[in-house]
Peer 1: 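Take a look at the following structure, please.
Lettering of chains follows the sequences in order, A, B, ..., and the numbering in each one begins at 1.
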2 protein chains.
Amino acid sequence: MESVREELQLFVRRLGLLNASCCDECCGQQVSMAQSHILSEIRRRGSPSMQRVAEELGMDVTTFSRQAKGLEGKGLIMRQVAPEDRRVSRLGLTDEGTQVLEQIDRYMVDKLEQIFSSLTSFERETVVKSLGLLNEAVAKSGCCTQRDKTIACCK
Amino acid sequence: MESVREELQLFVRRLGLLNASCCDECCGQQVSMAQSHILSEIRRRGSPSMQRVAEELGMDVTTFSRQAKGLEGKGLIMRQVAPEDRRVSRLGLTDEGTQVLEQIDRYMVDKLEQIFSSLTSFERETVVKSLGLLNEAVAKSGCCTQRDKTIACCK
DNA sequence: ATTAATAGTTGTAAAGTGCAAATAACAATA
DNA sequence: TATTGTTATTTGCACTTTACAACTATTAAT
């Protein structure tokens, strides 16, 4: 299990770097990695509230508030006061935001294809299946989800 | 491949959070995640130079310089002028640094065991093997390693 | 009506970041 | 040897990110 920990740490670190470099490469440095994660998360959920997204990203709400403002300023996201509760802002991607996100995705997919190209198709299948298993396992374990106010991971 | 990208992004994000929370939980908030990565990397290599570590972590050398100073101040790492080239500082973990790192490792291993506990032993084997494959593939692809001055990932 | 809870925003201060420029040591060469 | 170029690390500076505390606006509970 020790070796798994090491293996994971390396992998996560490297993929983080890869993701970061994709971000500033493709859209003329206008989007940081944190911001790209925000965009992804907004797309993943339908039109989530600020809290919701901040929570999923393990980010303080106040920090998120500023980031959101930044993204809105860049015209990548928009907010709408929720009719059923006027305290909450529902977030959504603008067309430009959608495009930027797709651009980042393309870059990443491209790099991933480079990475996967050294695998046999059997290995590739195994790896893909494993990723699914891993994410499920993380979800089941309850790690990395909010629990009674204390943020994110396993507190 | 799209789905792989999404799967990976989620996974990397969550594991990053997990790692971060392990860092500030176990050793009384004295070590940030970036710093824990520095410690890991110093242990992984024998007694690397500053450049070496900064490079592997995709961190600007100047930023790294400050972080290293901080860690030295906390008594977690030490530096030694390399006899063969007095420009370079060789980094090493102090006893305390080693202990702190081991503590973080234990926390992470613990969480990982929780996560893996929902897998069958066959699945677990598959996943472990896949992680190895992935890291190899990343290394082979040349992504995430320095290339002519431009840092880290695939530039 | 009043009090409590919740979603979001700012003030402020600390930490992290990278670029440019400086220092120090080494390397190459005239 | 003196000079010029290169490399490893450090500092000055400006900018961003971050979180805690305190605030506003809205809803819920009594």
Side-chain angles (χ1 to χ4, degrees), chain A residues 16-17 20-21 23-25 29-38 42 45 47-74 77-91 146 148-153 155, chain B residues 16-17 20-21 23-25 29-38 42 45 47-74 77-91 146 148-153 155:
Chain A
L17 283 178
S21 84
C23 289
D24 52 68
E25 241 180 271
Q29 87 267 17
Q30 35 180 330
V31 179
S32 73
M33 185 165 59
Q35 289 175 329
S36 89
H37 280 165
I38 293 175
I42 293 178
R45 316 274 168 183
S47 35
S49 71
M50 314 253 306
Q51 300 264 6
R52 191 84 194 69
V53 180
E55 195 173 295
E56 168 75 34
L57 299 184
M59 195 180 269
D60 190 274
V61 201
T62 70
T63 302
F64 183 80
S65 172
R66 286 176 236 263
Q67 290 283 12
K69 198 196 287 181
L71 286 170
E72 199 184 10
K74 284 176 191 159
I77 71 175
M78 51 192 191
R79 338 157 80 146
Q80 209 170 357
V81 179
E84 75 280 8
D85 182 343
R86 286 191 321 236
R87 286 171 303 180
V88 333
S89 297
R90 300 233 154 270
L91 302 175
Q146 177 132 344
D148 64 81
K149 286 295 159 200
T150 15
I151 221 172
C153 275
K155 290 210 169 176
Chain B
L17 283 179
S21 83
C23 289
D24 51 71
E25 240 180 272
Q29 89 267 20
Q30 38 180 329
V31 177
S32 73
M33 185 166 57
Q35 290 175 331
S36 88
H37 279 165
I38 293 175
I42 292 178
R45 316 275 168 181
S47 35
S49 72
M50 315 253 304
Q51 298 263 9
R52 192 82 194 70
V53 180
E55 197 172 293
E56 168 76 33
L57 299 184
M59 194 180 271
D60 191 274
V61 202
T62 70
T63 302
F64 182 80
S65 172
R66 287 176 236 264
Q67 290 284 12
K69 200 196 285 181
L71 286 171
E72 200 184 8
K74 283 176 190 158
I77 70 175
M78 50 189 191
R79 335 156 81 149
Q80 208 170 357
V81 179
E84 75 280 11
D85 182 344
R86 285 188 323 232
R87 286 172 303 181
V88 332
S89 297
R90 302 234 153 271
L91 302 176
Q146 177 133 345
D148 64 80
K149 286 294 157 203
T150 15
I151 221 172
C153 276
K155 290 213 167 171

Peer 1: What's the spacing between Ser89(B) OG and Met78(B) CE if we round to 0.5 Å?
Peer 2: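 Answer for the OG-CE pair, Ser89(B) versus Met78(B), is 12.5 Å.
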Peer 1: Quick one: is dA7(C) close enough that its OP1 or OP2 comes under 4.0 Å of any side-chain N or O from Ser49(A)?
Peer 2: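 For dA7(C), OP1/OP2 do not have a side-chain N/O of Ser49(A) under 4.0 Å.
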Peer 1: Grab the CG-C1' distance between Leu17(B) and dT18(D) for me, whole Å please.
Peer 2: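 The distance from CG of Leu17(B) to C1' of dT18(D) comes to 14 Å, rounded to the nearest Å.
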Peer 1: Heavy atoms only, 4.0 Å cut-off, all strands: where does Arg52(A) land among base, sugar-phosphate and nothing?
Peer 2: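 Nothing, no nucleic acid heavy atom in range.
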Peer 1: Counting just side-chain N and O atoms, does Thr62(A) come under 4.0 Å of either OP1 or OP2 of dA19(D)?
Peer 2: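 No.
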Peer 1: Given side chain to side chain contact (heavy atoms under 4.5 Å, CB included), test Ser65(B) with Met50(B) step by step and report yes or no.
Peer 2: CA-CA 7 Å; Ser65(B) 172; Met50(B) 315 253 304; 4.1 Å; yes
Peer 1: Hey, could you give me the OG/CE distance between Ser21(B) and Met33(B), rounded to the nearest 0.5 Å?
Peer 2: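 Those atoms lie 10.0 Å apart.
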Peer 1: Round to the nearest Å and state the distance from Met50(A) atom CE to dA7(C) atom C1'.
Peer 2: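 From Met50(A) CE to dA7(C) C1': 8 Å.
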Peer 1: Take atom CG of Leu57(A) and atom P of dT17(D), then tell me their distance rounded to the nearest Å.
Peer 2: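 After rounding, the gap between these two atoms is 14 Å.
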Peer 1: Below 4.0 angstrom from OP1 or OP2 of dT10(D), is there any side-chain N or O of Ser65(B)?
Peer 2: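 Checking Ser65(B) against dT10(D): at least one side-chain N or O falls below 4.0 Å of OP1 or OP2.
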Peer 1: I would like to know whether Arg45(B) and Val53(B) meet side chain to side chain contact (heavy atoms under 4.5 Å, CB included); could you show each step before the answer?
Peer 2: CA-CA 9 Å; Arg45(B) 316 275 168 181; Val53(B) 180; 5.6 Å; no
Peer 1: Report yes if some heavy atom in the side chain of Pro48(A) is under 4.5 Å from a heavy atom in the side chain of Ile42(A); otherwise report no.
Peer 2: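 When only atoms from C-beta onward are counted, Ile42(A) and Pro48(A) do touch, with a gap below 4.5 Å.
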Peer 1: If you check the Asp60(B) side chain, which of dC20(D), dT9(C), dC19(C) turns out closest?
Peer 2: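 Closest nucleotide to the Asp60(B) side chain: dC19(C).
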Peer 1: For a 4.5 angstrom cut-off between non-hydrogen side-chain atoms, does Arg79(B) reach Arg90(B)?
Peer 2: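 A side-chain contact is absent here, since even the closest heavy-atom pair is not under 4.5 Å.
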Peer 1: In this structure, how many angstroms lie between the C1' atom of dT9(C) and the CD atom of Gln51(A), rounded?
Peer 2: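 Checked: the CD to C1' distance equals 12 Å.
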Peer 1: Name every residue in residues 84-91 of chain B that has at least one heavy atom under 4.0 Å from any atom of DNA chain C, in order of residue number, or write none if there are no such residues.
Peer 2: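 Correct list: Asp85(B), Arg86(B), Arg87(B).
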Peer 1: In whole Å, what is the span from the CZ atom of Arg79(A) to the C1' atom of dA7(C)?
Peer 2: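 Spelled out: CZ on Arg79(A) to C1' on dA7(C) is 11 Å.
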Peer 1: Using whole Å, report how far NZ of Lys69(A) lies from C1' of dT18(D).
Peer 2: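 These atoms are roughly 15 Å apart.
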Peer 1: Rounded to the nearest Å, what distance is computed from the CE atom of residue Met33(B) to the C1' atom of nucleotide dT17(D)?
Peer 2: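 From Met33(B) CE to dT17(D) C1': 14 Å.
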Peer 1: What is the distance from CZ of Phe64(A) to C1' of dT16(D), rounded to the nearest Å?
Peer 2: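 Atom CZ in Phe64(A) sits about 17 Å away from atom C1' in dT16(D).
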Peer 1: So, is Gln67(B) near the phosphate of dT17(C), with a side-chain N or O under 4.0 Å from OP1 or OP2?
Peer 2: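 So the side-chain polar atoms of Gln67(B) do come within 4.0 Å of the phosphate oxygens OP1 or OP2 of dT17(C), strictly under.
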Peer 1: The test is side chain to side chain contact (heavy atoms under 4.5 Å, CB included); show your working for Gln35(A) and Lys74(A) and say whether it passes.
Peer 2: CA-CA 11 Å; Gln35(A) 289 175 329; Lys74(A) 284 176 191 159; 3.3 Å; yes
